[in-house]
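Before any comments, here is the structure.
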Amino acid sequence: MHELTKACLEGTYQKLIKKLGKKDLLIPDDFGMHPLSPEARLALLKT
């Protein structure tokens, strides 16, 4: 989530999504273990 939030703030979100989209399998490890910031929630909704 930190990478998604950082990419949103830096304007590199689309580049990161394209990079992640090339993976055969994406496992969001540790997802939901910590409260999400408003920026992280927005980044998650965009994916």
Side-chain angles (χ1 to χ4, degrees):
M1 291 309 309
H2 297 290
E3 284 186 55
L4 286 174
T5 302
K6 183 178 174 184
C8 281
L9 295 173
E10 293 177 346
T12 59
Y13 179 79
Q14 292 298 325
K15 182 179 176 181
L16 178 61
I17 291 300
K18 286 181 184 178
K19 178 182 169 185
L20 293 175
K22 293 179 182 177
K23 305 291 182 186
D24 291 331
L25 178 64
L26 182 63
I27 301 172
D29 191 26
D30 295 338
F31 181 73
M33 292 190 68
H34 304 283
L36 297 176
S37 69
E39 294 84 9
R41 284 193 294 266
L42 181 59
L44 184 61
L45 288 173
K46 288 183 179 181
T47 57

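Position 1 is the first residue of the sequence, and the numbers go up from there.
- Considering L20, T12, L16 in turn, L16 is the only one that fulfils the side chain to side chain contact (heavy atoms under 4.5 Å, CB included) rule with E3.
- Looking at residues two or more places apart in sequence or on another chain, you find no side-chain contact (heavy atoms from CB on, under 4.5 Å) involving Q14.
- For L9, the side-chain contact (heavy atoms from CB on, under 4.5 Å) partners are T5, not counting sequence neighbours.
- Shown here are the side chain to side chain donor-acceptor pair (under 3.5 Å) partners of S37, two or more places apart in sequence or in another chain: E39.
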